[in-house]
Amino acid sequence: MNAVHATSADAQHAQEEGLRAELAHKFLYYMSLMREVEDRIERKLYRQGKVVGGVYVGRGQEAIPVGSALCAEPEDVMLPSHRDMAVFFIRGVSARRVLAQYMGRVDGLTRGRDGNMHMGDMKAGVVSIISALAATVPVAAGVALALRYQGKNGVAFSYFGDGATSRGDWHEGVNLATVQKLPVVFICNNNQYAYSTPLHMQMACANVADRGAAYNMPSEIVDGNDVFAVYEATRRAAAHARAGLGPYMLECKTFRMTGHSAHDAAHYVPKEMFEEWGKLDPIVRLEQRMLEESWAKRDDLDAAQAAVKAEVDDAVAFADRSPWPDPATLLENVYQNE
Amino acid sequence: MNAVHATSADAQHAQEEGLRAELAHKFLYYMSLMREVEDRIERKLYRQGKVVGGVYVGRGQEAIPVGSALCAEPEDVMLPSHRDMAVFFIRGVSARRVLAQYMGRVDGLTRGRDGNMHMGDMKAGVVSIISALAATVPVAAGVALALRYQGKNGVAFSYFGDGATSRGDWHEGVNLATVQKLPVVFICNNNQYAYSTPLHMQMACANVADRGAAYNMPSEIVDGNDVFAVYEATRRAAAHARAGLGPYMLECKTFRMTGHSAHDAAHYVPKEMFEEWGKLDPIVRLEQRMLEESWAKRDDLDAAQAAVKAEVDDAVAFADRSPWPDPATLLENVYQNE
Amino acid sequence: MPSTTYLEAIREGLWEEMERDPNVFCIGEDIAEYGGAFKVTAGFLERFGTRRVVDTPISEAAIAGAAIGAGLMGLRPVAEMQFADFISCGFDQLVNFAAKCRYRWNAPVPIVVRAPSGGGIHGGPFHSQNPEMWFVRTPGLKVVCPATAYDAKGLIKAAIRDNDPVIFFEHKGLYRRIKDELPEEDYTVPIGKAKVVREGRDLSIVTYGAMVWTALEVADRLAAEEGASVEVVDLRTLMPLDRDTVCASARKTGKVLLVHEDTRTGGMAGELAATINEGAFEYLDGPILRVTAPDTPIPFSPPLEEAFLPNADKVLDKARWLYRY
Amino acid sequence: MPSTTYLEAIREGLWEEMERDPNVFCIGEDIAEYGGAFKVTAGFLERFGTRRVVDTPISEAAIAGAAIGAGLMGLRPVAEMQFADFISCGFDQLVNFAAKCRYRWNAPVPIVVRAPSGGGIHGGPFHSQNPEMWFVRTPGLKVVCPATAYDAKGLIKAAIRDNDPVIFFEHKGLYRRIKDELPEEDYTVPIGKAKVVREGRDLSIVTYGAMVWTALEVADRLAAEEGASVEVVDLRTLMPLDRDTVCASARKTGKVLLVHEDTRTGGMAGELAATINEGAFEYLDGPILRVTAPDTPIPFSPPLEEAFLPNADKVLDKARWLYRY
Ligand SMILES: Cc1ncc(C[n+]2csc(CCOP(=O)(O)OP(=O)(O)O)c2C)c(N)n1
Ligand SMILES: Cc1ncc(C[n+]2csc(CCOP(=O)(O)OP(=O)(O)O)c2C)c(N)n1
Ligand SMILES: [Mg+2]
Ligand SMILES: [Mg+2]
């Protein structure tokens, strides 16, 4: 290896390092933003009665939406589930609008017509979930069919929890996608509970990834609390799908660090699980790595967190000022031109 | 080995041979009966307009219902699909009543209220299918749950085609049965087509048995045109389920030697497939084996076939004499006591 | 007896039936250790064990199907939908399997499907629906919608003892809002019988579920306002429909206001309007009117939900108009 | 132009829309090489290829869901249910996903779900149903039930061009029985508009689907028998319902007979009875009556099916009674 080569290799290495550091900062921003917005919702706004209805948060699972959605290309279409808030941020939906959505205000993506994560925006390439779990899975197949039909090189990102894989719609959607070799990345957050139901009462196989064989679909188990791991795996999966090789599933092992919803104290979860998984907090792990790799100093991190808090302060204030929907609009838009 | 042992081993062998011969005769009887009844329906009564509506036959697949259902114990409950007519015969429902069912007469199991294989009789331990494919799969799980609940040692036999495994109900039913470790034997007749749709457009995996991994369920591929093979495999499967080890799936590879229904000429099936599989006709194979093993002579077989024809002649005459349902009964029995 | 909530009444009815009949068991999501999303089966696991309190995967079709299979075997399953809104996920099993077994092959399917329905809890489009009409229009199913704690207990017991499939709608808004003194002894409320919950001469309000309470309030207010004597009929069961009680009330008062929380088009009010036309046309002194939710999904945000739901003011307006007609 | 059957009219409409708009495609079971169970899409594969004629596994929920996904992306999927009876297997996708997207998040779902429905072909309980009311009562869905070849073609085209989800019921009994001379040029029939298919003064029969032909026969017979002038209104679309045309007819004749093949309780006739009460009560000279199938599953055996289905004799009886009233 001559000097020129060495130099260019060094440069490349430095550049890669730079990219990784940059990526890490992005990860941290989106994960922290999701954590902070959800904390405000669950621990403040909900208790203050400013957020009503069902509230489900993704505390401890932030690496999954963040690591995966940051792989998405602009043409890709996201179908997040109910613990994937960061997907919206990454797709350009502001914390302001998300908070207004939770608070039932006109600036929410559904203008008060639906609550919490039940929102979407086709201009941002995000399809809204409905409550019925896994209902978006066949819809993701249809989105992918359309992407191919339209000659786009896009991929559909279909998100769901472990429990959702028990549903018939999940099976039908995955089956159709695999038979049709559609460009879909299936992303399971296996947080080991579905509401109060532990995994072994949801499925007889040990891993969600074991379900892949039924569809001849490559399925990978990923450390869902390691955002880099999620990112790398999603890149592999998306490349596979984009290359026309059909769907690819990622099972991201993680843990739900809360009750099922804001009103559930999760007595049924053994305390040790919270302790054990608490040590694997994806944000803490990311920060540690950033410090170790010298991608950031403690001060940088503190500053980043402070900036996120400020952004969320502003967003909450915005949402709180956002008007209530006008009851006179109740009948509009059930059908077009009404 | 001394003389006594040798003798008893010989005797045992002779006895086993005798049992196998007896079994073979039973196989032949039920397979021939099914073939003959279905032939009359599809090729005579339907064309004469005496059978109306949809007619689906199991020509070429007779080994599957016969080989499996003959393993069933009295307490077991059968949930046959639409190409499993022999299950009814084995459960004691006469050809007379089956033909009356097809002809819409009062002596059919549904007294004219439903047609073809859409029939059941809980006293005979047979649950009626509904049209929606795989709908009986979750019902089989419920039947098995009840068997266990009631302290019975019975097993539910759940039958379906390859295409039915694409349905959400199939997935939900199998998943529930495996999670609950219920005594169910799942019996797939993989006849390689679902209506006009070939296997590879129905599923991306090569075998239906590959779906078993998703449920951590033992799944075996069986020569579905070899009634002995089906019988032996079903015994293994039922023993597993009966021992409390949970469900077991058999994928019986076979071929639909007709169109999907009486009005379908199956132009979409390559001719060679009919030729190739025609050579594997399960009744012909059984007869050959019976001759080879000296369980029967040609004359015996001819006599058996003649007896079946006579039985079916009688059954057709019976069904033809059976009264039409009285329109005055139309409103009865939607609810109890009406 | 201390006062019992609507929710507690259902819980008691279910519990007592489990005690009475060893064939009764519960099946659903999160109903065992967790006791159900609304805690209707809290404590059941401890008393009856996993054999009779069966937690399932998230599989509404399998829950319905397994209940049917067990019902065909002579058991008496009580299946829980976590929310009535998810009943559409197990729809085919109910409308095609359960509903038609008896008619087709004389096989009773004695199951109960409990479905917490109704709005007013800011549940939004997927946790507030009133899907009763999907089932009312499906011959072979019975549909029950109790309004009081007394009826809720009596009807859940009757539903469990009934030999046909019963869809049992529990109004979430009533769960903890409504109370009754319940008898000590075992009792049932017959399926298929409406109840005149307030006698009147001038105008009938025919309704069911949460709107019974709205109707009673309107009856009071219209009496105070105009001295009107308003009769309130609580259908209690939607299918089989007690057409006689409805028509008798229509014949008596000559004016009928139909009220339901469900959306308008294709709602129960239509069926009632046709029934009254057929059975009491000559007695009518005014058009049969209806107050219902409008034909939209159920919005989440409180001001929208409030505008969506029928309430006493809206019912009173129409009642007054009809009374003066 | 040669005479075109109802089935051929749908086929032509679908074909022409596929030619006109590259975003239109078909998805369903056995629709490609086989051309569909009823051969509505025969020849489509050869013309449009597998990209635009998508055969699926047996997965009604996936068919509905995939159509929704593609619709959200701006395509115009036409999904086929092999029989309307299987629509219950994809039910949640239609009533909860498709129906509510526009209202909730302003996302149009321009899909058409074709569903061959109706009896009279000895299909039995699972191949003869008329499930329109499940969808009529679900705000956000449109429901179309053409009775003529002309309307079938015009409405399938309108449905495909419509920006909302449309459930398109094709009556199997009409597929090959009914013909029309169709215009050469492109035309559509507006969704949401009923049609007075026969003018009359004495009595209105309001109906849709196959029963339109029964109503026309009854109109002839009652004219011959009693000199009655019977008006026949074909709803064509059930949702949005053309209440104006219905009420105008009721106001004109003062007597209304409602007829549908669907079962009685919770059927369209109820909604119409309520609508007429609200919009034409003072004009009524007799009770609004209905002739429908009874509240049972649809029996298979010909004598039972015949007793089940409404027919001209049954309609004539009620029409005569009402005429003389
Ligand atoms: C069809 C359906 N049934 C039940 C529910 C109620 N429900 C909401 S979330 C949930 C648990 C979901 O578990 P999982 O898929 O693992 O996702 P997680 O909440 O753990 O992220 C349940 C049962 C629902 N939303 N949809
Ligand atoms: C839910 C549902 N969709 C569609 C149909 C129409 N249909 C009847 S049989 C059949 C093919 C079934 O294929 P398979 O399960 O392989 O059974 P086979 O007929 O080959 O024995 C179809 C599509 C149906 N009965 N149910
Ligand atoms: Mg989970
Ligand atoms: Mg097959």
Side-chain angles (χ1 to χ4, degrees), chain B residues 51-54 100-106 108 110-116 118 129-135 161-171 193-199 201-204 260-261 263-264 266-268 323-335 338, chain D residues 28-39 45 50 54-65 81-93 119-129 263-265 293-309:
Chain B
V51 165
V52 295
Q101 163 80 9
Y102 272 78
M103 291 167 75
R105 309 305 177 89
V106 288
T110 65
R111 297 147 297 130
R113 284 170 170 208
D114 207 339
N116 55 49
H118 292 165
I129 46 166
I130 67 169
S131 276
L133 293 159
D162 44 292
T165 70
S166 298
R167 282 226 46 235
D169 279 26
W170 185 86
H171 173 70
Y193 278 89
Y195 208 148
S196 74
T197 305
L199 211 61
M201 292 175 71
Q202 196 73 239
M203 61 192 74
H260 167 64
S261 65
H263 62 263
D264 168 23
H267 293 306
Y268 49 83
W324 292 101
D326 179 356
T329 63
L330 175 68
L331 302 182
E332 290 169 8
N333 221 31
V334 178
Y335 301 97
E338 277 204 344
Chain D
E29 295 159 14
D30 306 294
I31 64 165
E33 178 169 358
Y34 195 67
F38 294 97
K39 302 290 178 190
L45 177 68
T50 52
V54 181
D55 255 342
T56 69
I58 302 171
S59 305
E60 283 73 11
I63 294 168
M81 297 285 125
Q82 206 156 74
F83 283 81
D85 309 66
F86 306 138
I87 203 164
S88 44
C89 298
F91 198 67
D92 185 63
Q93 288 285 344
I121 57 152
H122 314 313
F126 303 114
H127 288 77
S128 310
Q129 293 178 65
T263 50
R264 190 174 193 78
T265 302
D295 287 336
T296 76
I298 301 155
F300 161 70
S301 187
L304 292 178
E305 190 183 24
E306 201 180 315
F308 172 86
L309 290 172

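Both backbone and side-chain heavy atoms feed into the values below; hydrogens, waters and symmetry mates do not. Proteins get letters first, then strands, A, B, ... in listed order; numbering begins at 1 in each.
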Are the side chains of B/Tyr195 and D/Gln82 in touch, meaning some heavy atoms are under 4.5 Å apart?
-> yes
What is the distance from atom CG of D/Asp295 to atom OH of B/Tyr335, rounded to the nearest 0.5 Å?
-> 7.0 Å
Taking the side chain from B/Ser166 and the backbone from D/Ser59, do they hold a donor-acceptor pair closer than 3.5 Å?
-> no
Region of B/Tyr102 that comes under 4.5 Å of a non-hydrogen atom in chain D = backbone
Measure the spacing between OG1 of D/Thr56 and CE of B/Met201 and express it to the nearest 0.5 Å.
-> 8.5 Å
Smallest heavy-atom separation, B/Gln101 atom then D/Phe300 atom, equals O-CE2, 4.1 Å
Which bit of D/Ala37 is near chain B, if near means a heavy-atom gap under 4.5 Å: side chain, backbone, both or neither?
-> both
Is the closest side-chain heavy-atom distance between B/Arg113 and D/Pro297 below 4.5 Å?
-> no
Most contact-rich option vs chain D, by heavy-atom pairs under 4.5 angstrom, among B/Gly53, B/Gly104, B/Ser196, is B/Ser196
Do the side chains of B/Val52 and D/Pro302 get nearer than 4.5 Å, heavy atoms only?
-> yes
Quick one: of D/Ala307, D/Pro294, D/Pro125, D/Ala32, who has the most non-hydrogen atom pairs under 4.5 Å with chain B?
-> D/Pro125
Check whether D/Glu305 gets within reach of chain B through its side chain, its backbone, both or neither, counting any heavy atom under 4.5 Å.
-> neither
Atom group of B/Leu330 that falls short of 4.5 Å from chain D, counting heavy atoms | both
Residue from B/Ser261, B/Pro325, B/Gly54, B/Ala328 scoring the most non-hydrogen pairs under 4.5 Å with chain D is B/Pro325
Closest heavy-atom pair, D/Leu304 versus B/Thr329, reported as atoms and distance to 0.1 Å, is CD2-OG1, 4.1 Å
Minimum heavy-atom separation for B/Ala132 to D/Phe86, with atom names?
-> N-CE2, 4.1 Å
Heavy atoms from other residues, nucleotides or ligands near NE2 of B/His263 exceed 12 (cutoff 6.0 Å) = yes
Measure B/Asp169 against the heavy atoms of chain D and call it side chain, backbone, both or neither at under 4.5 Å.
-> neither
B/His118 vs D/Phe126 aromatic rings, parallel, tilted or perpendicular, using cut-offs 30° and 60°?
-> perpendicular
Of the non-hydrogen atoms in D/Ile58 and B/Ala194, which two are nearest, and what is the gap between them?
-> CD1-CB, 3.8 Å
Which atoms form the tightest heavy-atom contact between B/Tyr268 and D/Glu33, and what is the distance?
-> CB-OE2, 3.4 Å
